[in-house]
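Notes to accompany the following structure.
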Amino acid sequence: MLDIEDLTIWLPREVVELYQKEGIRELYPPQAEAVERGLLEGKNLLVSVPTAAGKTMLAELAMLKAALSGGRSLYIVPLRALASEKQAAFSRFADLGVKVGLSSGDMERKDEYLGRNQIIVATSEKADSLIRNGARWIRDLSVLVVDEIHLLDSTNRGPTLEMTITKLMRINPKMQVLGLSATVANAREVASWLSADLVESRWRPVELKEGVICDGILNFPGETVSIPSSRDDLVDLVKDTIGQGGQILIFESSRRNAEATAAKLARVVSKRKAGASQDQVQGEDGSRLFEKVLATGESETGKKLAECVRGGVAFHHAGLLSEQRAIVEKGFRSGEIKVIASTPTLAAGLNLPARRVLIRSYKRYEGARGMVAIPVMEYRQMAGRAGRPGLDPRGESFLMAKSEPEMKDLMDHYVHGEPEEIFSKLSMEPALRTHLLSTMATGFANDADELKKFVDSTFYAHQQDAWHLDATIEKVLEFLIDSRMIEDDLKPTPLGELVSRLYIDPLSARIVVDNLRSRETAKTTDLTLLHLITMTPDMDTLYIQASDGWVEEFIDQHYGEFCNEDNYDWMMREAKTAALLQDWIAESEEERIADRFRVGPGDIRRVAETAEWLMHSAGRLSEHLELGATYRIYQLEKRIHYGAGPDLLSLLDLKGVGRVRARKLHRAGYTSLDKLREAKAADIAEVVGPKIAEKVMAQLKERA
DNA sequence: CTTGCCCACATGTAGACAGCATGTC
DNA sequence: CTACATGTGGGCAAG
């Protein structure tokens, strides 16, 4: 037991008082262990404990210690949403004179300006990008916190995290490193890579009972409990939970299942409500949320969600708009929503605990491999959402089994099972393409020897045999040389430096450059350029479904406009994605796009966001190599940003004018800035309202 | 003739980071 | 390439 008061040995009194004011009297056991192991004496630590065991506070203590003695800390998280959540939380240190900055792709300030903060929160990619772009303050860090460091195991994003940590440790040799991890089998291995002490514990602030539900029986280790049964375990468990005044989080393996489950439960839950008299207020809550959801747009998804929240139930997946997700999350926190059926979005993301968690399917579709049982680590991630500290006496989580033998299997494998080891994915070719280039471009290595030394300091080299890595490195370097991004002696070319800073896959750059070079300008249309960026590995193309027969026709019709693509399956996906973007910049309504392409509104935004980034990068490449398409590409970039037709481009330069107002002005005859200049303020006000009109007039005057 | 049920068969499958430069309705 | 849950439409019997 360590009293919070004891922290005054290492920290100023005002820090301790801040926590005391928040009601904290003593440290949790794993926290105390971390402090004893030298958290506040600059020791590197890897803390591997369950969710909600107080990892964040440990990071806070270390960062405050540094901040109050003039040091700077970087806190790395895997998600943008998490970055804003942490930034908001750390902002309470303003009273101590500690400033907090946020840096992620969607919320950006000037990089150098960020250095004025003592704590900076960033996504791993952004942190990497800050290094690539040469932000100076990043060479002067006292503390590095890496949240969810077990993501080193992720194929997509693990290598970025790994390289970022490696680079930061190299340029800040004295920096304290604090890794925060879920429980994994080989935490010691990760710790040793970081030269860190390991703090490992299974302690939780709220008891968690894990079990398996089967035929109306809740099976816990050494104990079974039966609940009122109507032969539908899902409905029974939900009714039971709500009957106790609790909330439940249900994890599904597909969006469709999440939506179907939510719809089904909404019917059940609202029927219960209708029976109870004091629930008048609840009903009003429901209709308030109903309106709020509908206000975000009346897409199919939106309407379905609105219908569900009316009954106090919601679904949650990446097809939702971020506004819609926010409504669901907030509604659940406030208790207006009792049940969320979610895809894994919620498992990895925000802190949204519930009394009970139901994992309805522990299998997940993995393309060629069919349905695969999820790793224990992911199970823990989901189960760990059960139990709200201070609110629930305990949390309960359940897997769902259809038979006795399956129930026993699940007990063995998940409830009693140990999480897996994590493995570096750095030897994957796409990862190396990106990161070898940036290593050379940022001067972390200047020749083959230095590169070898650098690679030797990665987690991969620490953990695994290097022969596979060496072979891939060879291949990748050849590609980079052939693409003129590095010279024969591995020195970066200006093109290579540009690609590294743009943060795109070198292969994406290669595809863009090759196609722009070989293509005759006369045959280049908007569709050509849209297709071009969908061909790059940085674009996640849409799937082809049975109802997508039109795509083949679309390809035939516009044959000459497409870039060369040998693989017809890819071609279909690329063409479909390009078609979506074409609709988007033709000002087609979101609802219509969602319908035509069978995607959620959130997917549309994501495709557009990625496309905008890639179009910008294509523009920079065209500009740098003088490929002749620069102007057109930048215009397209702008159109993708706003989702607007070509005739609006000049109007969009005006602040306060987006796609909607620009179209209104255009329809009213104000088709250009000159036309607007000739008009009277009152007439413009007629179209866009007096306030905006005034703003517009002021800008016109300034420009003239 | 309608309704309800079972079966065979078709269908579709999680998530989300980055550049740049500041403000949509 | 490996599975699975869900939705759909036809066939059939009961009402």
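Chain A is the first sequence line, chain B the second, and so forth, proteins listed ahead of strands; every chain is numbered from 1. Quantities reported herein were computed from a predicted structural model and do not represent experimental measurements.
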**Fill in**
So the salt bridge (Lys or Arg N to Asp or Glu O under 4.0 Å) pairs with at least one residue in residues 609-620 of chain A (sequence neighbours excluded) are A/R80-A/E609

**Item:** Check: A/E609 side chain, B/dG19 base, donor-acceptor under 3.5 Å
**Value:** no

**Prompt:** Atom CZ in A/R132, atom CZ in A/R501: separation rounded to 0.5 Å?
**Reply:** 11.5 Å

**Message:** Less than 4.0 angstrom between a side-chain N/O of A/S253 and OP1 or OP2 of B/dA14, yes or no?
**Reply:** no

**Fill in**
Between A/P506 and A/M485 the two heavy atoms that sit nearest each other are O-CE, 3.3 Å

**Message:** Any base atoms under 4.0 Å from A/D540, or only sugar-phosphate, or nothing? Heavy atoms, all strands.
**Reply:** base

**Request:** Using a 4.0 Å heavy-atom cut-off across all strands, classify A/K264 as base, sugar-phosphate, or nothing.
**Result:** nothing

**A/S129 side-chain N/O to B/dG19 phosphate OP1/OP2 under 4.0 Å** = yes

**Request:** Write down the atom of A/Y670, the atom of A/I684, and the distance for their closest heavy-atom approach.
**Result:** OH-N, 4.2 Å

**Prompt:** What does A/L82 touch in the nucleic acid at a heavy-atom separation under 4.0 angstrom: a base, only the sugar-phosphate, or nothing?
**Reply:** nothing

**Message:** What's A/L79 touching, base or sugar-phosphate or nothing? Going by heavy atoms closer than 4.0 Å.
**Reply:** sugar-phosphate

**Asked** With a 4.0 Å cut-off, would you call A/E125 and A/R157 a salt bridge?
**Response** yes

**Asked** Using centres under 5.5 Å plus planes under 30 degrees as the test, is A/Y365 stacked with B/dA14?
**Response** no

**Message:** Give me the distance, rounded to whole Å, that separates B/dA18 from C/dT2 when you measure between the C1' atoms they each carry.
**Reply:** 35 Å

Protein-nucleotides 4-8 of chain B N/O pairs under 3.5 Å:
none

**Request:** Give me the ring orientation class for A/W550 and A/F597: parallel if the planes are under 30° apart, tilted from 30 to 60°, perpendicular past 60°.
**Result:** perpendicular

**Complete:** Pairing string of DNA chain B (Watson-Crick or G-U wobble, both atom distances under 3.5 Å; | = paired to other strand) is |||||||||||||............

**Asked** Starting at the 5' end of DNA chain B and moving along, which residue's nearest nucleotide shows up first, A/R598 or A/G319?
**Response** A/R598

**Message:** Over all strands shown, is A/V657 touching base, sugar-phosphate only, or nothing at heavy-atom distances under 4.0 angstrom?
**Reply:** sugar-phosphate

**Asked** Taking atom types as they are modelled, is there a donor-acceptor pair under 3.5 Å from the base of B/dA18 to the side chain of A/T610?
**Response** yes

**Request:** Hey, could you give me the CE/CG distance between A/M539 and A/L530, rounded to the nearest 0.5 Å?
**Result:** 8.5 Å

**Message:** Quick check on A/E366: does its CD atom have over 12 non-hydrogen neighbours (other residues, nucleotides or ligands) under 6.0 Å away?
**Reply:** yes

**Request:** Under 4.0 Å between any heavy atoms, over every strand shown, what does A/R360 touch: base, sugar-phosphate, or nothing? Just pick one.
**Result:** sugar-phosphate

**Prompt:** Does any donor atom in the side chain of A/T296 or A/E323 lie under 3.5 Å from an acceptor atom in the other side chain?
**Reply:** no

**Request:** Ignoring backbone atoms, establish whether A/R132 has a side-chain N or O less than 4.0 Å from OP1 or OP2 of B/dA18.
**Result:** no

**Request:** Check A/I422 against A/L152 and note the closest heavy-atom contact, atom names and distance.
**Result:** CD1-CB, 4.5 Å

**Request:** Using a cut-off of strictly less than 4.0 Å, decide whether A/R325 has a side-chain nitrogen or oxygen near OP1 or OP2 of B/dA16.
**Result:** yes

**Request:** Examine B/dC20: is either OP1 or OP2 under 4.0 Å from a nitrogen or oxygen in the side chain of A/R620? Give yes or no.
**Result:** yes

**Asked** When all nucleic acid strands are considered with a 4.0 Å heavy-atom cut-off, which category describes A/S617: base, sugar-phosphate, or nothing?
**Response** nothing

**Item:** Whole-Å P distance, B/dA16 and C/dC4
**Value:** 26 Å

